[in-house]
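Written below as structure tokens is the structure these notes are about.
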Amino acid sequence: SAVLGTCRDCSLSVRKIGYHRCDNVGDVSPVANGSQIPVAIQQLADYGAQVINLSFGSQNTPFSYCTNNPSVAYCLAMTDAIARGVVLVGASGNHRQQIQFPAADPRVVAAGGVAISRLIWDRSPGSTTNCPSIPPNPIGSE
């Protein structure tokens with residue numbers, strides 16, 4: 001069967017950098033392996049990626065993180081990819097308080113949802129009751 005609306009000559013490359021975790025507020029979420037993020041960004045840029053999706057975030061990383069820490073491997077990889085014309089897209093975050101880094105970086109396109117109230121969208125189950133017991137294995141497409 002055909003899929004409409006996709007690019008016929010485009011391809012997809014995936015780099016696994018995380019695992020699933022059930023946190024203390026009831027969300028099952030991927031946890032990024034920070035040391036693998038710059039490696040993945042660099043590899044994807046080297047392979048000719050035009051867009052890199054950074055679907056993870058850190059609520060503890062300030063908005064100006066790369067401005068204040070330009071020599072950190074993560075920031076160097078982002079800067080190099082952007083210099084090559086790669087568009088970086090970041091998930092705005094699921095902590096419902098502020099946009100997370102890397103989406104908060106002014107060079108990154110932030111993608112996320114808002115409620116009718118214009119507050120950051122909240123789809124948290126509210127407890128750990130429904131969290132599956134998932135071992136810390138890699139996640140993502142094979």
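Counting all heavy atoms, side chain and backbone alike, Gln42 lies closest to Ala77 at OE1-CA, 4.3 Å. The heavy-atom pair separating Ala49 from Val86 by the smallest distance is O-CG2, 3.2 Å. Shortest non-hydrogen contact noted between Pro70 and Leu76 is O-CD2, 3.3 Å. When all heavy atoms are compared, the tightest approach of Leu44 to Ser13 is CD2-OG, 3.5 Å. Across all their heavy atoms, Ala73 and Pro38 have their closest contact at O-CB, 3.5 Å.
Among pairs with a residue in residues 73-84, those fulfilling salt bridge (Lys or Arg N to Asp or Glu O under 4.0 Å) read Asp46-Arg84, Asp80-Arg84, at least two apart in sequence or across chains.
Within 6.0 Å of CD on Gln50 lie no more than 12 heavy atoms contributed by other residues, nucleotides or ligands.
Cys66 is not listed as a side-chain neighbour of Thr79, based on a closest heavy-atom distance of 4.5 Å or more. Side-chain contact between Phe101 and Val108 is absent, with no heavy atoms from C-beta onward closer than 4.5 Å. Inter-residue side-chain proximity for Val89 and Leu54 is flagged as unmet; no heavy-atom pair is nearer than 4.5 Å. Side chains of Val87 and Val109 form a contact here, defined as non-hydrogen atoms less than 4.5 Å apart. In this structure, Ile41 and Tyr74 have side chains that are in contact, with non-hydrogen atoms separated by less than 4.5 Å.
Rounding to the nearest 0.5 angstrom, the gap separating the CE atom in Met78 from the CG atom in Asp105 is 4.0 Å. Here CD1 of Ile37 is found 4.5 Å from CD1 of Ile17. Values are rounded to the nearest 0.5 Å.
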